[in-house]
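The structure under discussion appears below in the form of structure tokens.
Side chains are part of it too, since the values below use all heavy atoms of this structure and drop only hydrogens, waters and symmetry mates.
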Amino acid sequence: PYVHVESLLRLATNQRIRGIINHLIGEEMGVHLCLTGWKSTERNWHQDGYLNPDENLDHYIAVWIALDDIHADSGPFEYITGTHKLPRITKKNTIDKLEPYERDDPGWPKYSERFLTPLFETLKTTHHLQSKRFLAKKGDVLFWHARLMHRGSAPNNPEIDRRTAIIHYSGIHHRPDFPVAKQYANQGFYFPINDDISF
């Protein structure tokens, strides 16, 4: 969406966000994914790192921006602190566990949930990890590491909007699978990914 909606591109490349993410990761970052639906993704516990090429390593960060106050019944973002320090789950190992017909499917992450969701639940229980909810107020921003366990919880009331921009960034020198990153105005960078390009 950021390629087509300039206001979203302006938000995603905001200088203050750019300064924070570059400081945290240690290099210039570029936006490559925006989730802008007004509902919870309802995606169970996962990390973002294994969804991307292993060469990207931890040159990755995501930002959750509340565009309105988030209602407790809308399916708030949940996360488990400290899980970014657990052993790294790789894309290669994840893909290797899939059936051959699943590996080439763009929806392979959904297939991987059948073994990763139980793994994350086991880690949560074994290490006595407690989840937290991000009940954001309009304008609140959450930054998270590529290996942080998180999820979009199931809403108690699916009719309530969860107005947010969820923006994902990778190091601009660590995504050879994307077009070369461009700078927006004098702000941050973005990968000019068009709908007609398949990766």
Side-chain angles (χ1 to χ4, degrees), residues 1-44 46-67 77 84 88-95 98 101-113 116 141-148 150-152 162-199:
Y2 63 88
V3 174
H4 306 288
V5 180
E6 188 169 6
S7 58
L8 183 56
L9 180 60
R10 194 163 54 247
L11 176 65
T13 58
N14 175 276
Q15 279 286 39
R16 290 179 68 190
I17 292 175
R18 177 191 184 193
I20 292 168
I21 62 178
N22 290 358
H23 172 73
L24 290 172
I25 303 300
E27 69 170 86
E28 192 69 59
M29 305 294 286
V31 61
H32 62 83
L33 174 67
C34 285
L35 303 174
T36 53
W38 293 148
K39 303 296 181 185
S40 171
T41 61
E42 296 189 51
R43 177 97 192 266
N44 212 328
H46 66 285
Q47 299 172 330
D48 295 326
Y50 68 84
L51 300 174
N52 296 280
D54 290 336
E55 297 75 23
N56 199 34
L57 297 172
D58 290 334
H59 301 97
Y60 192 101
I61 197 166
V63 178
W64 204 100
I65 303 170
L67 304 177
F77 180 90
H84 64 293
R88 190 166 174 261
I89 295 172
T90 65
K91 181 176 184 178
K92 181 185 182 313
N93 287 344
T94 303
I95 293 284
L98 296 173
Y101 73 91
E102 297 170 331
R103 294 173 188 163
D104 295 326
D105 189 321
W108 69 263
K110 189 71 179 164
Y111 296 124
S112 71
E113 289 179 7
L116 287 178
V141 180
L142 174 72
F143 297 80
W144 78 88
H145 190 279
R147 284 189 271 153
L148 182 76
H150 62 283
R151 72 178 179 183
R162 192 189 76 169
R163 296 177 180 252
T164 181
I166 304 170
I167 308 170
H168 293 242
Y169 303 82
S170 285
I172 63 170
H173 302 296
H174 287 84
R175 292 308 295 257
D177 54 324
F178 287 160
V180 174
K182 295 182 177 179
Q183 187 171 15
Y184 174 71
N186 290 318
Q187 299 197 129
F189 284 77
Y190 69 99
F191 292 96
I193 302 169
N194 295 315
D195 293 339
D196 58 346
I197 298 175
S198 74
F199 296 96

Just by modelled atom types, is the [Y] backbone N or O under 3.5 Å from a matching donor or acceptor in the [X] side chain?
| X | Y | answer |
| --- | --- | --- |
| Gln15 | Asn186 | yes |
| His4 | Pro1 | no |
| Tyr169 | Ala12 | yes |
| Asp177 | Pro53 | no |

Supply the atom-to-atom distance [X] [atom1] to [Y] [atom2], rounded to the nearest 0.5 angstrom.
| X | Y | atom1 | atom2 | value |
| --- | --- | --- | --- | --- |
| Ile61 | Ile21 | CD1 | CD1 | 6.5 Å |
| Ser170 | Asn52 | OG | CG | 5.5 Å |
| His46 | Ile89 | NE2 | CD1 | 11.5 Å |
| His59 | Glu27 | NE2 | CD | 4.5 Å |
| Arg43 | Arg151 | CZ | CZ | 13.0 Å |
| Trp38 | Thr164 | CH2 | OG1 | 8.0 Å |

Report the relative orientation of the aromatic rings in [X] and [Y]; use parallel for angles under 30°, tilted for 30 to 60°, perpendicular for over 60°.
| X | Y | value |
| --- | --- | --- |
| Tyr101 | Tyr111 | perpendicular |
| His32 | Phe178 | tilted |
| Phe77 | Trp144 | tilted |

Answer yes or no: is there a side-chain heavy-atom contact under 4.5 Å between [X] and [Y]?
| X | Y | result |
| --- | --- | --- |
| Ile17 | Ile65 | yes |
| Val63 | Phe143 | yes |
| Asp105 | Lys110 | no |
| Gln47 | Tyr60 | no |
| His174 | Leu57 | no |
| Tyr2 | Thr13 | no |
| Tyr184 | Val31 | no |
| Phe189 | Met29 | no |

So, for [X] and [Y], which heavy atoms are closest and what is the spacing to 0.1 Å?
| X | Y | answer |
| --- | --- | --- |
| Arg147 | Asp58 | NH2-OD2, 2.6 Å |
| Pro179 | Pro192 | CG-O, 3.7 Å |
| Tyr50 | Ser112 | CE1-OG, 4.2 Å |
| Gly30 | Ile172 | N-CG2, 3.6 Å |

Next item on the list: Before giving the answer on side chain to side chain contact (heavy atoms under 4.5 Å, CB included), spell out for Asp48 and His150 the whole-Å C-alpha distance, their side-chain angles and the decisive distance to 0.1 Å.
Entry: CA-CA 9 Å; Asp48 295 326; His150 62 283; 3.4 Å; yes

Checklist line | Pair Glu28 + Arg18: basic N to acidic O under 4.0 Å | finding: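 Between Arg18 and Glu28 there is a salt bridge, with a charged N closer than 4.0 Å to a carboxylate O.
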
